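Chain identifiers are assigned alphabetically (A, B, ...) following the order of the sequence lines, protein sequences preceding nucleic acid strands; residue numbering begins at 1 within each chain. Note that this is a predicted model, so its numbers are computed, not measured.
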Amino acid sequence: MFSANFYFCHSFGRAARKSRDTPLTTAHMSDILQKIQEAVSHSVTALYGEPVDASKVQISPTPPDFTGDYSVVIFPFVKMAKKAPDVVAGEVGNLVREKVSEIKGFNIVKGFLNLELEDACWRNFLQETVGNAHYGRRPANGIKVMVEYSSPNTNKPLHLGHIRNILLGWSCSKILEATGHEIVRSQIVNDRGVAICKSMLSWKKFGEGKTPENSGVKGDHLVGDFYVLFEKKTKEEYDAWQETDAARQVYEAQHKPTQTEAVFFKEFKNKWFNEYSTLGTEVREMLRKWEANDPETIDLWKKMNGWVYQGFDQTYSDLGVSFDKLYYESNTYLLGKDIVEDGLKKGVLFKKEDGSVWIDLTDAGYDQKLVLRADGTSVYITQDLGTAKMRYEDFGCDRFVYVVADEQNYHFQVLFEILKRLEEPYANGLYHLSYGLVELPGGRMKTREGTVVDADDLITEVIRLAEEQSNEQGALAEVPEEQRSENLRKVGLGALKFFITKVHPKKKMIFNPEESVDLQGQTGPYIQYSYVRINGLMQRMAKEGIDLSIANAYDPIQPQEKALLIALHEYPAVLLSAAEAYDPSLVANFCYDLAKKYHKFWHDLSIFSADHAAAKAFRLQLSKCVGQVLQSGMDLLGVDMPERM
RNA sequence: GGUCCCGUAGCUCAAUGGAUAGAGCAACAGCCUUCUAAGCUGUCGGCUGCAGGUUCGACCCCUGCCGGGAUCACCA
């Protein structure tokens, strides 16, 4: 099937540059793709008389089944050349080869010009990369970005959904940082409102003085337990109420003909809570007292939120994430009114007869949206308008990334649109990193059905799985306990974090607690394992005092080695794409691909017992470089590498 | 109903508009006297939801359908 259009051109003019004695003066690998693009551009123009933008020349790694390192897509030039694709490829190939001394030869397959680079290029690339701890990273670009990646409520502990949110945000912030941005990591804590009041009231009525200290329950869980208890007590009250004469009268007077009693009372629950419930009345009273700064209520609120923060801090610390700036809703929920004032002045907003303030976004495909109630109090979006401005004033960031689930897409579209119309200076730098919800095999997680996967439980479980696996292997049997548990932590969390970050953010993901966090195959531990193998090599290398300087005498480079070199060479471009797309999954998939190639290399080729000293040195150097890049890439996902496993 | 997102192997996920759509899991069959087998190799598995269109070339872009989800609050 290849016979008609498959031929090699290796032999053209080889003699002059065949000698290995004098190393080629090559361009740095980082420049070579650009050099090829320019050469193609010039060649096409010279041959066919039409200008071609060098940056538009498509060049990509040659797929493994074909010979070559990089391939140029020739189809775009076929029309201007008025010749068959393979003829064009041959003509362009010859000219490009003359212009770029690093090209050893080329072949043509169905309109693809496959270029093979001199091994010297790759040896040089390895040498200049292996010592470079910053490989792939870019210098500061002067752009300041705030990433808000956690916005928990303080009435219950964090769950699996928060974990995806946190890991995505953390990873994005690391990727942006690596590509030269200055980062401010922020959290907005929803520390006020009716939810926390429910926990407070519940504790006050039924708590019997329980604290995290005297009960041994982690603070956020303790507060969450009282929230659940409140819901339970409310349900009991509601069930009892339904038996009363008052309930009967309400049902008789208000039910629709088609509604059974059960259906009616199910739908009536909110109304009942707001108008009939004793607990409802008490909790509203508590909220009122909070808003009135009642000292006793504020004290309780501070105490219980304090417990929650201790708990959150523990979970954040377990996940290895941190924040530069915390915002609290209790400080921001009144913000935004000045912006509304300003918007009215500018005529962007308008006031209805009742005094409420609105914006009309129907021309942008949205609806009319309330931004301030008639009584002058804020709604959700008012607050976000205010905090946006406050953040800008606090830090002067050029860009703001909100990591929030996709159920709030509409909210952010509207928010950004309003800020644009108000001509806020930061309005064009806003980005909603929207991600799909995490679902269980049976559907969404439901608090009421008790299917919520708790963050702390999950972390404990993945570490337990790692330990179980490790015990089967027995590899850590000799390792001191402290170091052992540290490695197991890294493996367990590596599995969890990789499992979550490898999925494209926009996609909703199915999380099966039984099966999802594998330790084999396309997983975090698979990648960590390749690092551990490399680490073993490095220790032995240090012990034996091996000199890597003869690596440059290695020849010829084997396909398994070339595959690694090409992958390593892609790394900086992967980071750039990931930063531009706010997409950690690109980095995750790159790391997996690199680890896979390394395992193959390990299996196929001997390292310490290589035939020649140069081969040994080269392979060690290559391994070291792979280890560096894997560590660097996984660090951007928040994954630490164990030394042993 | 309007708007937005997602439909790829039994399952979980990949694939800057480019070559024969790839991995892992599950199932089956192999590979440790050798640098850690959490590894490697092989077999099995597909009308990329359907139908058109644009293009030299479409999983990818456009249109229309069909499924699934989100959202359209003076909740956050």
May I ask you to decide if [Y]'s main-chain N or O and [X]'s side chain share a donor-acceptor pair within less than 3.5 Å?
| X | Y | result |
| --- | --- | --- |
| A/S71 | A/F112 | no |
| A/R373 | A/V379 | no |
| A/D640 | A/K490 | no |

Please determine, for the side chain of [X], which listed nucleotide ([options]) has the closest atom?
| X | options | result |
| --- | --- | --- |
| A/S71 | B/G18, B/C74, B/A19 | B/A19 |
| A/D367 | B/C56, B/C72, B/C35 | B/C72 |
| A/F66 | B/A19, B/C74, B/A76 | B/A19 |
| A/H599 | B/C75, B/C35, B/G39 | B/G39 |
| A/L537 | B/A19, B/C35, B/C25 | B/C35 |
| A/F608 | B/C35, B/G18, B/C74 | B/C35 |

Considering only the [atom1] atoms, how many Å lie between [N] and [M], rounded to the nearest integer?
| N | M | atom1 | answer |
| --- | --- | --- | --- |
| B/G10 | B/G46 | C1' | 12 Å |
| B/C60 | B/C25 | C1' | 26 Å |
| B/G1 | B/U43 | P | 48 Å |
| B/A15 | B/G22 | P | 14 Å |
| B/A37 | B/C31 | C1' | 9 Å |
| B/G45 | B/A9 | C1' | 6 Å |
| B/G2 | B/C47 | C1' | 33 Å |
| B/C62 | B/U41 | P | 38 Å |

message: Check for me whether A/K198 meets the cation-pi criterion with A/F273, that is, NZ or CZ under 6.0 Å from the six-membered ring centre and within 45 degrees of the ring axis.
response: yes
- request: Measure from NZ or CZ of A/R540 to the centre of the six-membered ring of A/F608, then state whether that distance is under 6.0 Å and the direction lies within 45° of the axis.
  value: yes
- line: Paired with A/P525, the side-chain contact (heavy atoms from CB on, under 4.5 Å) test is passed by just one of A/V639, A/L519, A/V532, namely A/L519
field: The single option from A/I500, A/L160, A/L437 passing side-chain contact (heavy atoms from CB on, under 4.5 Å) against A/M509
entry: A/I500
Under 4.0 Å, heavy atoms only, any strand: does [X] hit a base, just the sugar-phosphate, or nothing?
| X | value |
| --- | --- |
| A/Y592 | sugar-phosphate |
| A/V194 | nothing |
| A/Y410 | sugar-phosphate |
| A/E329 | sugar-phosphate |
| A/S470 | base |
| A/Q469 | base |
| A/L361 | nothing |
| A/D354 | base |
| A/R444 | sugar-phosphate |
| A/F75 | base |
| A/R533 | sugar-phosphate |

- request: If the plane angle is over 60° it's perpendicular, under 30° parallel, otherwise tilted; pick one for A/F498 and A/Y592.
  value: tilted
- request: With syn defined as a glycosidic angle within 90° of 0 and anti as everything else, classify B/C32.
  value: syn
statement: Result for 5'-nearest mapping on RNA chain B, choosing between A/L113 and A/E643, is A/L113
query: In terms of the nearest nucleotide of RNA chain B, which residue is placed more toward the 5' end: A/L437 or A/P63?
result: A/P63
task: Take the protein atom CE of A/M645 and the nucleotide atom P of B/A37, then report the distance between them rounded to whole Å.
output: 12 Å
task: Give the rounded distance in Å between these two atoms: OH of A/Y70 and P of B/G18.
output: 17 Å
Quick one: is [N] close enough that its OP1 or OP2 comes under 4.0 Å of any side-chain N or O from [X]?
| X | N | result |
| --- | --- | --- |
| A/K110 | B/U20 | yes |
| A/W358 | B/C74 | no |
| A/R619 | B/C35 | no |

Paired with [N]: which nucleotide, if any, by Watson-Crick or G-U wobble criteria at under 3.5 Å for both distances?
| N | value |
| --- | --- |
| B/C13 | B/G22 |
| B/G1 | B/C72 |
| B/U63 | B/A51 |
| B/G39 | B/C31 |

Check ion pair A/E467-A/R464 (N to O, under 4.0 angstrom): no
- request: Salt-bridge test for A/E407 and A/R444: reply yes if a basic N is under 4.0 Å from a carboxylate O, no otherwise.
  value: yes
- prompt: Are A/F230 and A/Y227 close enough that their ring centres sit under 6.0 Å apart?
  reply: no
task: For residues A/E329 and A/D191, report the shortest heavy-atom separation together with the two atoms involved.
output: N-OD1, 3.3 Å
statement: With B for base contact, S for sugar-phosphate-only contact and - for none (protein heavy atoms under 4.0 Å), nucleotides 6-16 of chain B reads SS----SSS-B
task: Scan nucleotides 41-46 of chain B nucleotide by nucleotide, 5' to 3', and note B when protein non-hydrogen atoms come under 4.0 Å of the base, S if they reach only the sugar-phosphate, - if neither.
output: S-----
message: Can you tell me if A/E478 has over 12 outside heavy atoms packed within less than 6.0 Å of its CD?
response: no
